[in-house]
There are 2 protein chains.
Amino acid sequence: MKDIRQKIVALLKEGYATPQIARMAKRLHEPSTTIHYNIKRLEKDKVIIRYKGIFTYAKIDQGYCTFLLINLVQEKYADPESVAREIAKSDLVESVNVITGDYELLLKLRCKDVDEYYAFVKGAIKKHGFAKVISLTSIKELKGEFVQKS
Amino acid sequence: MKDIRQKIVALLKEGYATPQIARMAKRLHEPSTTIHYNIKRLEKDKVIIRYKGIFTYAKIDQGYCTFLLINLVQEKYADPESVAREIAKSDLVESVNVITGDYELLLKLRCKDVDEYYAFVKGAIKKHGFAKVISLTSIKELKGEFVQKS
DNA sequence: ATATGTTATTGAATATTATTCAAAAATTAA
DNA sequence: TTAATTTTTGAATAATATTCAATAACATAT
């Protein structure tokens, strides 16, 4: 049942990981109880939010990466945040930022392919009011949330 | 010694976390050995690259987030990748993408403040050949690698 | 359909690791 | 300096990952 793999990946996207206290202890030459104590503090203080898995996106149907620069229609211009919050709900959306400059929003999308990307943009323009959308397609990702690559 | 905290954060940025097999097993109603087996497969197949911590950036001196759209100088235009690889080495750089459109590179920076950001840009323009740089400053991050927020 | 090789599932045993606890040390505030 | 608070740490325990071997499921060829 390959089904389990997908479920595992889904869980690891959200969290379901935990720090390796013993390994950190060895690396830092400190007792593991000291590391444990300090990690719990960092968690309580919300410095650390969670622990999650990092993936090879092409292998989980998210190989097509694009950035969208968005101008909102006049009516929504005053409150980009509520639009952003709505957009953020989509699984295809990796990040949403309200920005300064010529555009109001910057999205990072991770889609399976151009078709999925197109469907998203088409739907989003209609659903939320986008006056203008500039798409920047990533043709090579040299660094991402997952540290370095080739 | 608050020093330990910083070291822990540094390690968790790179990895030093591990999946919670038992918790996933309960959640998915599967034996933990089944989850274990499948996770190891995902790791071997490089579907899962690593596990890392996610932070509140403002609390680890990275509260100032910007995106840079970059045009390379003529001499470097033919090989944006090698420039990108160099830039990627900086700790301030969260992501580097070679993109299509009016610009060659898109960077995401996480700095402590405007000063650090300015120092980076100033240095980068000189060091790597940037013909033009457009900065998009994030004034609100509604979604990031760390799932949802307020 | 049946045999054969491969991959996946699983329980039981073991090895590792996280967690708790209590005491001591270090730091901070008064 | 003293008192209060936070941090460090070792020992004991609890929880979890890992290994192993057996079985099941699946795919492929005959």
Side-chain angles (χ1 to χ4, degrees), chain A residues 1-63 91 112 144-148, chain B residues 1-63 91 112-113 145-148:
Chain A
M1 218 192 287
K2 183 95 142 294
D3 183 45
I4 286 184
R5 306 255 168 96
Q6 291 184 342
K7 287 178 183 170
I8 288 172
V9 168
L11 291 183
L12 287 173
K13 277 187 186 175
E14 307 299 324
Y16 285 86
T18 192
Q20 294 180 293
I21 294 175
R23 194 151 82 91
M24 297 178 106
K26 273 168 202 150
R27 169 69 179 274
L28 300 178
H29 303 291
E30 298 283 351
S32 72
T33 45
T34 299
I35 302 297
H36 182 269
Y37 173 81
N38 281 284
I39 285 183
K40 289 311 155 190
R41 288 295 329 262
L42 288 166
E43 290 172 354
K44 192 167 80 61
D45 297 345
K46 303 279 173 62
V47 175
I48 301 170
I49 299 173
R50 53 159 56 78
Y51 310 89
K52 58 166 283 195
I54 302 299
F55 310 92
T56 300
Y57 292 104
K59 294 184 179 178
I60 56 171
D61 285 340
Q62 295 196 96
D91 284 341
K112 176 181 170 55
E145 36 177 348
F146 52 86
V147 198
Q148 207 83 355
Chain B
M1 214 193 288
K2 184 92 142 297
D3 184 44
I4 286 184
R5 306 255 169 97
Q6 291 184 342
K7 288 179 183 170
I8 288 172
V9 169
L11 291 184
L12 286 174
K13 277 186 187 177
E14 307 301 324
Y16 285 85
T18 192
Q20 295 180 292
I21 295 174
R23 194 152 81 92
M24 297 178 104
K26 275 168 201 150
R27 169 67 179 275
L28 300 179
H29 303 292
E30 297 283 352
S32 73
T33 45
T34 299
I35 302 297
H36 182 270
Y37 172 83
N38 281 284
I39 285 182
K40 290 310 155 192
R41 287 295 327 263
L42 288 167
E43 290 172 355
K44 193 167 78 61
D45 298 346
K46 302 280 174 63
V47 176
I48 299 170
I49 299 173
R50 53 159 56 80
Y51 307 89
K52 59 167 283 196
I54 302 300
F55 310 93
T56 300
Y57 292 103
K59 294 184 178 177
I60 55 172
D61 285 338
Q62 296 197 96
D91 284 341
K112 177 181 169 55
D113 51 36
E145 36 177 347
F146 53 83
V147 198
Q148 206 82 356

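A note on names: the letters A, B, ... follow the listed sequences, proteins ahead of strands, and every chain is numbered from 1. Atoms considered below: every heavy atom in the structure, side chains included; atoms not considered: hydrogens, waters and symmetry mates. Just so you know, these numbers come straight off a predicted model, no measurement behind them.
- The interatomic distance linking B:Ile4 (CD1) with C:dA26 (C1') rounds to 13 Å, in whole Å.
- Scanning for side-chain hydrogen bond (donor to acceptor under 3.5 Å, both in side chains) contacts around B:Gln62 gives an empty result, with sequence neighbours left out.
- Using a 4.0 Å cut-off, no side-chain N or O of A:Asn38 falls inside it from OP1 or OP2 of D:dT7.
- With C:dT7, C:dT10, D:dT8 as the candidates, the nucleotide lying closest to the side chain of A:Thr34 is D:dT8.
- Taking the side chain as every heavy atom from C-beta outward, B:Met24 and B:Ile39 approach each other to under 4.5 Å.
- Shown here are the side-chain hydrogen bond (donor to acceptor under 3.5 Å, both in side chains) partners of A:Lys112, two or more places apart in sequence or in another chain: A:Asp61.
- Among residues two or more places apart in sequence or in another chain, the side-chain hydrogen bond (donor to acceptor under 3.5 Å, both in side chains) test is passed with A:Lys59 by none.
- Distance, B:Arg41 CZ to C:dT6 C1': 11 Å, rounded to whole Å.
- Taking side-chain N and O atoms only, B:Tyr37 has a distance below 4.0 Å to OP1 or OP2 of C:dA8.
- For the pair B:Ile35 CD1 and D:dT16 C1', the computed distance is 14 Å after rounding to whole Å.
- Here A:Lys40 pairs with A:Glu43 under the side-chain hydrogen bond (donor to acceptor under 3.5 Å, both in side chains) rule; sequence neighbours left out.
- With sequence neighbours excluded, the residues satisfying side-chain contact (heavy atoms from CB on, under 4.5 Å) with B:Arg41 are A:Arg5, B:Tyr37, B:Lys44, B:Asp45.
- Between A:Leu28 atom CG and D:dT8 atom P the separation is 12 Å, expressed in whole Å.
- Note that the CD1 atom of B:Ile49 and the CG atom of B:Leu42 stand 12.0 Å from one another [nearest 0.5 Å].
- With a 4.5 Å cut-off on side-chain heavy atoms, B:Leu12 and B:Phe55 count as touching.
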Return the polar atom pairs (N/O with N/O) between nucleotides 21-23 of chain D and the protein under 3.5 Å, or none.
none

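- A:Ala25 meets the side-chain contact (heavy atoms from CB on, under 4.5 Å) test with A:Ser32, A:Ile35; sequence neighbours excluded.
- One end of the helix from C:dA1-D:dT30 to C:dA30-D:dT1 points its axis 50° away from the other end's axis, with each axis taken from 5 pairs and the angle rounded to 10°.
- With B:Thr18 contributing its side chain and A:Gln20 its backbone, the two residues share no donor-acceptor pair below 3.5 Å.
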Quick one: what's the B/S/- string for nucleotides 12-22 of chain C, heavy-atom cutoff under 4.0 Å, read 5' to 3'?
B----SSSB--
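- Rounding to whole angstrom units, CD of residue B:Glu30 and P of D:dA17 are separated by 15 Å.
- Spacing between atom NE2 of A:His29 and atom P of D:dT8 amounts to 17 Å, rounded to whole angstrom units.
- Remark: A:Lys52 NZ to A:Glu14 CD distance equals 7.5 Å, nearest 0.5 Å.
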